[in-house]
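Below: the structure, in structure tokens.
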Amino acid sequence: MERIPILRMGQFLLVTIQVDMHDRLALTLQEDLTSRITEHGSRGVLIDISSLEIVDSFIGRMLANIASIARVLDADTVVVGMQPAVAITLVELGLSLPGVRTALNVEKGVALLNAAVASSGAMLEVDDADGED
Amino acid sequence: MLTARTERIAVRGPHDIVNVRQVVRGWCLAVGMGLVDLTKMVTAASEIARNTLEYGGGGALTIEELRDGVRQGVRLIFEDQGPGIPDIDRAMTDGYTSGTGMGLGLGGTKRLVDQFDIASTPGQGTRVAITKWKAR
Amino acid sequence: MPATPSRRLPRVLDERFDEILAAWTKEQTNGAKPGTASEGDIRARCSELLSAMRKALASSGADDVQGPAWAPVRDVLQRVSFIRAQQGFTPSETATFVLSLKRPLFEALRASAGNDAEALATDVWGATEVLDRLALFTAEVYMKTREELIARQSQDMLELSTPVVKLWEGVLALPMIGTLDSSRTQVVMESLLQRIVETGADVAILDITGVPTVDTLTAQHLIKTVTAARLMGAECIISGIRPQIAQTIVHLGVDLGDIVTKATLADAFKLALSRTGTTLVRSRNGANPTGSLTTTPR
């Protein structure tokens, strides 16, 4: 079955969407991401949509769902690289993706996630210093 | 107003939505539409194609290239033989959703295009026509 | 049989070239718009056109003004019309350039025709036809130039009215002046988002000091712009909210949501700098009151 690959980058997951997604593929991605977050205990998810030429309400809702599910699993979601024309269209359509964090590119997205993890997990890191790894 | 050429494609399954997006994109490029207008039109097509599939049980899309004097545009006509929409005004309101919790209401889609016409007869089907003109 | 005008006109033009040129230049300078062209310029232009006409008449006659032999003449007229359209001449003032040649040319024809009234009438008629066609051509070029000028100006106006300036690494500012309608918002939004991509900016300041009134629709346009920028990963600050606009916004019940607003562009800039990890430190040395900026790694 066709799947969108999910890359693991340390405590984060990276998804680069490069195809015009049909609805089934979008739903599969949502399920796959959910299980990978649990599997690796990931603290953040980066979704790179810079290659997406359009985001309709279905894909928009999928992004919002992923963010909500990830939130419950204690992971932050950052959608990166949205094209200007896509952003204008989404706003006109009435979808502002509340609850989804955004960044211009993957690099800035990683910085955002690092900052979020640092502010929420600073204490834990000290405790874990000589634990696993 | 003149119809320069037309094409008819099926909207029968989820893969057809992807196909609709790609074909409509090609037609918008052919009339020289700008990137933002093109993105809006393709997104609108995707929204209505999904409606045709989910609520209308599938149907067909007719694409027309329009010429009106020096103006050029693309018109999309989606038709299905589904149950129809009983209250169109309500369906046009932002935030309206029917049973499955999908659908953003057609109001958002209407804002993406220059012209939006909808006709629906309960029990017989729905016809949605959207037009976008190339900005000069 | 008198010579046909197409044969006589070039001969007269040839023989009395200097005389015609002098008279025509005089006509032009007398009726010239002050400050648009010097006498030397006018003389040069007239001489150029007369020489081109002489050549064209000699090689192909007067019938085919649109033909290839007349191309150099049309070229001169095109330049004259173009310059006059840009300098704000009226269409009749522009066509007068050609039409004012009638009097000197007719004088020259009369002088050379002697007592042959019939020949003179034929000659004048022939010359009139040529000059009228050339004048019409001038008017056409003038109209086309004006149309292009207007189209370009309105496009320039839209772009000029929405400059996106980079204030600092990662900070853009958009000083908005005038009414924000929906077509304007579209241009503003597109240029802002494009610049965000190009510069990788994290913060954009929308300064509305120059926006005269803010109604519900304007507020909606602003909110849309801010939301689109946020979707791309950039944060917006709205600045320049004058007291009466603040009152209007509250009075209309417009919800700006969680959009950050500041009274002045300076306040917004300070906030933007701190968001991008730059702190503003006033120099301790009193001799240097400008202060200094330090960028701290995040």
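Chain letters run A, B, ... following the sequence lines, proteins first, then strands; residues in each count from 1. Note that the structure is predicted; figures quoted are calculated from it, not measured.
Heavy atoms closer than 4.5 Å to chain B are found nowhere in V19(A), neither backbone nor side chain.
Heavy atoms only, all atoms of each residue included: F58(A) and E47(B) are closest at N-OE2, 4.4 Å. Residues R111(B) and E92(A) approach most closely at NE-O, 2.8 Å, considering heavy atoms.
Proximity to chain A at a heavy-atom threshold of 4.5 Å picks out L35(B), V36(B), T39(B), K40(B), V42(B), T43(B) from residues 29-44 of chain B, in numerical order.
In this structure, E107(A) places its CD atom where only 12 or fewer heavy-atom neighbours from other residues, nucleotides or ligands lie under 6.0 Å away.
Annotation: the span from Q22(B) atom CD to D20(A) atom CG amounts to 5.0 Å, rounded to 0.5 Å. A distance of 7.5 Å separates OG in S46(B) from CG in D23(A), rounded to the nearest 0.5 Å.
Interface summary for chain B: among V86(A), L90(A), D56(A), I59(A), the most heavy-atom pairs under 4.5 angstrom belong to D56(A).
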